[in-house]
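Note sheet for the following structure.
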Amino acid sequence: MSAPFAVELRQVGLRHAGGLQALDQVSLQIAQGEFLCLVGPSGCGKSSLLKLISGLWQPSSGQVSVAGQDPRQAGARQQLSFVFQDPTLMPWANVADNVGLPLKLAGVPAHERSERVAAAVHLVGLEAFAQALPHELSGGMQMRVSIARGLITQPAILLLDEPFGALDEITRQKLDDELLSIWAQGGLTVVFVTHSLAEAAYL
């Protein structure tokens with residue numbers, strides 16, 4: 001029997017409480033290890049789709065599955081991670097503590113947590129800033145911390161909601177390259193939301 005798709009949507013609809021139909025009859029299959037960009041203008045439903053895949057929202061109709069199971073189960077098992085548009089870092093905590101938060105919440109022992117944090121921080125090139133506070137970092141560096149935090153649980157699926165939209169073009173290009181490099185190391189399925197056609201084509 002073949003492995004399930006990383007993400008599968010079947011005739012999914014989403015209607016908000018006010019009656020607005022945000023999504024209608026969406027069907028989509030994302031293969032394991034695929035890098036998929038969702039591109040479109042603001043308000044077209046990209047972020048809504050990502051929230052359905054993550055299990056943060058529930059569809060009004062249809063079915064969403066992640067690795068053959070309910071998205072909430074996948075999230076509970078740390079099989080997927082969500083990187084938001086804003087870094088959402090704890091301002092009082094240094095880089096290492098921000099990155100390690102998901103492991104701490106999961107009860108991972110301190111010694112194992114330390115090793116995995118060091119590896120994740122190295123992956124995004126912030127070894128020299130592990131003890132820095134968020135306000136001491138540039139916007140691009142803060143997004144790297146957010147990506148490292150998203151990768152710390154070693155998820156099978158990484159969801160990113162316009163993570164580089166507020167950054168300058170040079171920093172954005174560099175982080176696009178870093179994300180592609182991380183993905184190219186194998187195994188990770190990426191769903192990346194953007195309103196930039198150029199970014200979507202490049203990725």
Side-chain angles (χ1 to χ4, degrees), residues 1-89 101-102 105-106 143 146-147 149-167 172 175-176 179-180 182-183 186-203:
M1 184 177 178
S2 60
F5 289 101
V7 177
E8 186 169 15
L9 284 74
R10 298 179 184 174
Q11 302 294 305
V12 167
L14 177 65
R15 185 180 295 275
H16 292 301
L20 175 66
Q21 187 76 40
L23 296 167
D24 187 31
Q25 300 291 305
V26 178
S27 294
L28 176 67
Q29 294 174 329
I30 305 173
Q32 295 182 22
E34 185 173 354
F35 194 123
L36 176 75
C37 285
L38 299 174
V39 62
S42 297
C44 73
K46 305 183 303 298
S47 295
S48 296
L49 195 63
L50 218 58
K51 288 173 182 174
L52 291 176
I53 294 171
S54 71
L56 290 175
W57 290 358
Q58 296 303 302
S60 304
S61 59
Q63 182 181 3
V64 180
S65 64
V66 173
Q69 59 191 316
D70 184 282
R72 289 168 294 184
Q73 292 178 318
R77 295 174 182 169
Q78 300 187 331
Q79 291 176 298
L80 60 81
S81 286
F82 199 130
V83 177
F84 295 92
Q85 188 169 6
D86 296 316
T88 60
L89 304 178
L101 179 63
L105 294 175
M143 283 311 309
S146 186
I147 290 171
R149 185 176 58 193
L151 293 169
I152 192 71
T153 59
Q154 300 171 332
I157 301 167
L158 184 64
L159 310 174
L160 302 105
D161 189 6
E162 297 193 51
F164 312 143
L167 303 178
R172 184 173 184 156
L175 290 178
D176 282 342
L179 180 60
L180 282 176
I182 292 168
W183 170 74
L188 186 64
T189 301
V190 177
V191 185
F192 187 98
V193 164
T194 179
H195 64 266
S196 169
L197 286 169
E199 184 172 50
Y202 181 76
L203 290 172

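Residue numbers start at 1 and run along the sequence shown. The structure presented is a predicted model; accordingly, all values stated were derived computationally and were not measured.
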**Asked** Any side-chain heavy atom of F84 within less than 4.5 Å of one from M143?
**Response** no

**Asked** Between L160 and F82, is any pair of side-chain heavy atoms under 4.5 Å apart?
**Response** no

**Request:** Return yes if a side-chain donor-acceptor contact under 3.5 Å exists between E8 and Q63, otherwise no.
**Result:** no

**Request:** Supply the atom-to-atom distance L23 CG to K51 NZ, rounded to the nearest 0.5 angstrom.
**Result:** 11.5 Å

**Prompt:** Can you tell me if W57 uses its side chain to pair, donor with acceptor, with the backbone of L50 under 3.5 Å?
**Reply:** no

**Message:** Can you see whether T194 engages E199 through a side-chain donor-acceptor pair at a distance of less than 3.5 angstrom?
**Reply:** yes

**Prompt:** So, the side chain of W183 versus the backbone of L188: is there a donor-acceptor pair under 3.5 Å, distance only?
**Reply:** yes

**Request:** Nearest 0.5 Å please: distance from the CG atom of L158 over to the CG atom of L179.
**Result:** 7.0 Å

**Fill in**
Heavy-atom closest pair (T153 atom, S81 atom, distance to 0.1 Å) is OG1-OG, 3.4 Å

**Item:** P41 backbone acceptor or donor facing K46 side chain under 3.5 Å
**Value:** yes

**Validation row: L151, I182 side chains within 4.5 angstrom (heavy atoms)** = yes

**Beyond-backbone contact of L80 with V66, side-chain heavy atoms, under 4.5 angstrom** = yes

**Item:** Residue pair P155 / I157, side-chain heavy-atom distance below 4.5 Å
**Value:** no

**Message:** If we count only N and O atoms by modelled type, under 3.5 Å, do the side chains of Q11 and S27 hold a donor and an acceptor together?
**Reply:** yes

**Request:** With the side chain counted from C-beta on, respond yes when Q58 and P71 share a heavy-atom pair under 4.5 Å apart, and no when they do not.
**Result:** no

**Prompt:** Short question: side chain of S61, backbone of V12 - any donor-acceptor pair under 3.5 Å?
**Reply:** no

**Fill in**
To the nearest 0.5 Å, atom CD1 of I30 lies from atom CG of L38 at 6.5 Å

**Prompt:** Going from OG on S48 to CG on D161, what distance comes out if it is rounded to the nearest 0.5 angstrom?
**Reply:** 9.0 Å

**Request:** Show your working on side chain to side chain donor-acceptor pair (under 3.5 Å) between T88 and R149 and close with a plain yes or no.
**Result:** CA-CA 11 Å; T88 60; R149 185 176 58 193; 3.1 Å; yes

**Message:** Could you check whether any side-chain heavy atom of V7 comes within less than 4.5 Å of a side-chain heavy atom of L9, counting everything from C-beta outward?
**Reply:** yes

**Asked** How many angstroms lie between atom CG of D86 and atom CD of E162, to the nearest 0.5 angstrom?
**Response** 10.5 Å

**Prompt:** Between Q79 and Q73, is a side chain to side chain contact (heavy atoms under 4.5 Å, CB included) present by the stated rule, with each step listed?
**Reply:** CA-CA 9 Å; Q79 291 176 298; Q73 292 178 318; over 6 Å; no

**Prompt:** Would a 4.5 Å heavy-atom cut-off, applied to side chains only, mark L28 and L36 as touching?
**Reply:** yes

**Prompt:** According to the interplanar angle, ranging from 0 to 90°, do the rings of F164 and F192 count as parallel (below 30°), tilted (30 to 60°) or perpendicular (above 60°)?
**Reply:** tilted

**Request:** Looking only at non-hydrogen atoms, find the nearest pair between P59 and L52 and report the distance.
**Result:** N-CD2, 3.5 Å

**Prompt:** Could you state the interatomic distance from CZ (F35) to CG (L180), rounded to the nearest 0.5 Å?
**Reply:** 5.0 Å

**Check against side chain to side chain contact (heavy atoms under 4.5 Å, CB included), V39 and L197** = CA-CA 7 Å; V39 62; L197 286 169; 3.9 Å; yes

**Message:** How close do H16 and A22 get, counting heavy atoms only, and between which atoms?
**Reply:** NE2-CB, 3.5 Å

**Message:** I need the minimum non-hydrogen distance between P87 and S146, along with the two atoms involved.
**Reply:** O-OG, 3.7 Å

